[in-house]
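Residue indices begin at 1 and follow the sequence shown. Values in this document were obtained by computation on a predicted structure and should not be read as measured data.
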Amino acid sequence: MQADHSIDGGEEPPSDHRAQNLKTFTPAGKGFWHDVPTADWNDWRWQMKHRITTVEQLQKFLPTLTPEEFAGAKLANTKLALGITPYFFNLIDPADEHCPIRQQVIPRIEETHTASWEMSDPCGEDSHSPVPGLVHRYPDRVLFLVTDRCASYCRYCTRSRLVSNASGYDFHPEFDKQIAYIAAHPKIRDVLLSGGDPLLLSDEKLENLLSRLRAIPHVEFLRLGTRIPIFLPQRITPELCVMLKQFHPLFISIHTNHPRELTTEVRDALARLADAGIPLGNQSVLLKHVNDDTEVMKALVQKLLMCRVKPYYLYQCDLIAGSAHLRASVAKGLEIMEKLRGHTTGYAVPTYVIDAPGGGGKVPINPEYVLCRNAGRVLIRNFEGKIFEYPESADGKPCGQPPQEITEPELA
Ligand SMILES: *Cc1c(COP(=O)(O)O)cnc(C)c1O
């Protein structure tokens, strides 16, 4: 199938996504909601109001709902709410039980199975929280949670203990206290707004919050973590971009896991943010049967560059309770990283990290490129498996010997 890059939010029902080239941009369109006026469809508040939140709606819109999904959806509202924007729902391929979009947002009964090593707060955020809604783990930056709501709910959410309030955490951020803590700690030069999704706040509320943070002299750098450009690209209005532009340097990290999420709607929303001078990064989670595949991951990172988004982190999936069915192995993550580095644009290669269980923070995990290192030399391997020597200088003086390639027989 030839992709038509000119179509924008077309009227056609969802196509057979499996046939699509992973690297083309195609519209999600109105699909099941084809009779909704375009003005409503493009209104983010309409999208929020018409989210799929009940098992009855799921049965209606997804006739291929499996018994595992049905049972999962029935129980979702006791754990992490079911919520999917109509826009994002249209990306699901109803004919494919293993559709990578479907697996991210449709609950399954496996979510109720908890292994002994799984946790409700896998990154130990609550124990690093000096005031409610603020996580201060690293010396110079804080995570500022602004809401417990998202446009759609990811089934592997690391913050599902509080997000959507299905398990009764009752998260109520107190901006005054959070801001006072930051103002009282001059070492904090970087504030990361997340949640929940900070772009669900109204423009006015967000502007007020950003202004208050910008008024703190030692806060140099602001950033937002959001999946709104993916779940609800309609929210990225020109007015929002004009407002955000006042707070530079302001970065945005989006969250996308599969190249099919990068539709024409998303590409256009990301272009509006980039045109407002906002540097964009992406955070992906390595998910089984979603993106634990070199070709899928390569298509995703290359497509992100086409949207002016730098792949920032690839996360090993946290040990969140009920996520075993979605977790891929570290061996798989390393294999994918090895097949990216050197094989494609360096800008496209994210840092693969494990957020250390219990609260140790993000730890980078890399394929081994240093074969041996001592006071005299470093032996390294390149992306093709060729081995090279770099002369080390233990005393800081320049080394006499030029670097040279080592061949296998010499090593033996
Ligand atoms: C991820 C995270 C940050 C930001 O980390 P960077 O590596 O600077 O992107 C800050 N605080 C907490 C608690 C985090 O989990």
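Salt-bridge formation is not detected for the pair Glu111/Arg108: no Lys NZ or Arg NE/NH1/NH2 atom is positioned less than 4.0 Å from an Asp or Glu carboxylate oxygen. Residues Asp140 and Arg189 are paired through a salt bridge, judged by an N-O separation under 4.0 Å between the basic side chain and the carboxylate.
Residues in residues 285-300 take part in no side-chain hydrogen bond (donor to acceptor under 3.5 Å, both in side chains) pair, two or more places apart or across chains. Note on residues 319-360: pairs passing ring-ring contact (aromatic ring centres under 6.0 Å, His included), not counting sequence neighbours, are His343-Phe383. The stretch residues 178-197 participates, sequence neighbours left out, in these ring-ring contact (aromatic ring centres under 6.0 Å, His included) pairs: His136-Tyr181, Tyr181-His185.
Judged by distance alone, with hydrogens and angles left aside, the side-chain atoms of Arg137 form a donor-acceptor pair with the main-chain N or O of Gly359 at under 3.5 Å. Checked by atom type and distance alone, the side chain of Ser129 pairs as donor or acceptor with a backbone atom of Leu134 at under 3.5 Å. The main-chain N or O of Val266 is found under 3.5 Å from a side-chain atom of Thr263 such that the two form a donor-acceptor pair. A donor-acceptor pair is defined here as one N or O able to donate and one able to accept, closer than 3.5 Å; such a pair exists between the side chain of Gln178 and the backbone of Gly133. Here the side chain of Asp148 pairs no donor or acceptor atom with the backbone of Ser164 at under 3.5 angstrom. Looking at Gln47, its side chain never comes within 3.5 Å of a backbone N or O of Asn42 through a donor-acceptor pair. Side chain of Lys245 to main chain of Ala276: no donor-acceptor pair is present (N/O by atom type, distance under 3.5 Å, no hydrogens or angles). Judged by distance alone, the side chain of Lys310 and the main-chain N or O of Ala348 form no donor-acceptor pair under 3.5 Å.
Applying the ring-ring contact (aromatic ring centres under 6.0 Å, His included) test to Tyr313 and every residue at least two apart in sequence or in another chain returns Tyr315. Among residues two or more places apart in sequence or in another chain, the ring-ring contact (aromatic ring centres under 6.0 Å, His included) test is passed with Phe231 by Phe88. Listed by chain and number, the residues in a side-chain contact (heavy atoms from CB on, under 4.5 Å) with Leu240 are Leu199, Asp203, Leu206, Arg235, Ile236, Thr237, Met243, Leu244 (sequence neighbours excluded). With sequence neighbours excluded, no residue satisfies side chain to side chain donor-acceptor pair (under 3.5 Å) with Ser152. Judged as a ring-ring contact (aromatic ring centres under 6.0 Å, His included), and not counting sequence neighbours, the contacts of Phe144 are Phe175. Listed by chain and number, the residues in a side chain to side chain donor-acceptor pair (under 3.5 Å) with Asp40 amount to none (sequence neighbours excluded). Residues passing the side-chain contact (heavy atoms from CB on, under 4.5 Å) test with Glu56, sequence neighbours excluded: Thr54. By the ring-ring contact (aromatic ring centres under 6.0 Å, His included) test, Tyr369 pairs with no residue at all, sequence neighbours left out.
Once rounded to the nearest 0.5 Å, the distance linking OG1 of Thr158 with CG of Asp121 reads 7.5 Å. Note that CD1 of Ile182 and CD1 of Ile188 are 5.5 Å apart. Values are rounded to the nearest 0.5 Å. For the atom pair OG1 of Thr114 and CG of Leu319, the computed distance is 12.0 Å after rounding to the nearest 0.5 Å. Taken to the nearest 0.5 Å, the CG atom of Asn282 stands 8.5 Å off from the CD atom of Glu261. Once rounded to the nearest 0.5 Å, the distance linking CG of Leu58 with NZ of Lys74 reads 12.0 Å.
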Practice problem: List the steps and the verdict of side chain to side chain contact (heavy atoms under 4.5 Å, CB included) for Trp44 and Thr85. | Solution: CA-CA 9 Å; Trp44 68 276; Thr85 54; over 6 Å; no
Practice problem: Evaluate the salt bridge (Lys or Arg N to Asp or Glu O under 4.0 Å) criterion for residues Arg155 and Glu110: first the C-alpha distance (whole Å), next the side-chain angles of each, then the deciding distance (0.1 Å), finally the verdict. | Solution: CA-CA 11 Å; Arg155 304 320 303 172; Glu110 288 90 330; over 6 Å; no
Self-check item: Pair Arg381-Glu368, salt bridge (Lys or Arg N to Asp or Glu O under 4.0 Å): steps then yes or no
Solution: CA-CA 8 Å; Arg381 164 180 81 78; Glu368 209 47 79; over 6 Å; no
Practice problem: Could you give me the CA-CA distance, side-chain angles and deciding distance for Arg377 and Tyr390, then say whether side chain to side chain contact (heavy atoms under 4.5 Å, CB included) is met? | Solution: CA-CA 6 Å; Arg377 62 176 197 167; Tyr390 184 89; over 6 Å; no
Quiz item: When you look at Asp190 and Arg223, which way does the salt bridge (Lys or Arg N to Asp or Glu O under 4.0 Å) test go after all the steps?
Solution: CA-CA 8 Å; Asp190 169 5; Arg223 46 180 165 161; 2.8 Å; yes
Exercise. Please assess Asn257 against Gln104 for the test side-chain hydrogen bond (donor to acceptor under 3.5 Å, both in side chains), listing each intermediate value before the final yes or no.
Key: CA-CA 9 Å; Asn257 296 317; Gln104 292 183 59; 2.9 Å; yes
Quiz item: What do the steps show when you test Asp197 against Arg227 for side chain to side chain contact (heavy atoms under 4.5 Å, CB included), and what is the final call?
Solution: CA-CA 7 Å; Asp197 204 309; Arg227 204 174 183 183; 4.1 Å; yes
Self-check item: Working for salt bridge (Lys or Arg N to Asp or Glu O under 4.0 Å), residues Asp318 and Arg327
Solution: CA-CA 8 Å; Asp318 290 330; Arg327 285 203 303 274; over 6 Å; no
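Side chains of Cys317 and Tyr156 form a contact here, defined as non-hydrogen atoms less than 4.5 Å apart. Looking only at side-chain heavy atoms (C-beta outward), Thr64 and Arg102 come within less than 4.5 Å of each other. By the 4.5 Å heavy-atom criterion applied to side chains, Lys362 and Tyr138 are counted as neighbours.
With Leu143 as the partner, the side chain to side chain contact (heavy atoms under 4.5 Å, CB included) test is satisfied by one option alone out of Val191, Leu192, Leu193: Leu192. Each of Val349, Leu300, Leu305 was compared with Pro311 under the side chain to side chain contact (heavy atoms under 4.5 Å, CB included) criterion, and only Leu305 meets it.
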Between side-chain atoms of residues 207-216 and protein atoms elsewhere (two or more places apart, or another chain), which donor-acceptor pairs fall under 3.5 Å?
from: Glu207; atom 1: OE2; to: Gln246; atom 2: NE2; distance (Å): 3.0
from: Ser211; atom 1: OG; to: Glu207; atom 2: O; distance (Å): 2.6
from: Arg212; atom 1: NH1; to: Asp176; atom 2: OD1; distance (Å): 3.2
from: Arg212; atom 1: NH2; to: Asp176; atom 2: OD1; distance (Å): 2.9
from: Arg214; atom 1: NE; to: Phe247; atom 2: O; distance (Å): 3.2
from: Arg214; atom 1: NH1; to: Val219; atom 2: O; distance (Å): 3.1
from: Arg214; atom 1: NH2; to: Glu220; atom 2: O; distance (Å): 3.2
from: Arg214; atom 1: NH2; to: Phe247; atom 2: O; distance (Å): 3.2
from: Arg214; atom 1: NH2; to: Pro249; atom 2: O; distance (Å): 3.2

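Of the N and O atoms on the side chains of Lys30 and Thr38, at least one donor lies less than 3.5 Å from an acceptor on the other residue. Of the N and O atoms on the side chains of Tyr312 and Ser284, not one donor lies less than 3.5 Å from an acceptor on the other residue.
In this pair, Trp46 and His50 present their aromatic rings parallel. The plane angle is below 30°, not in the 30 to 60° band.
Here the shortest heavy-atom pairing between His255 and Cys154 reads CE1-SG, 4.2 Å.
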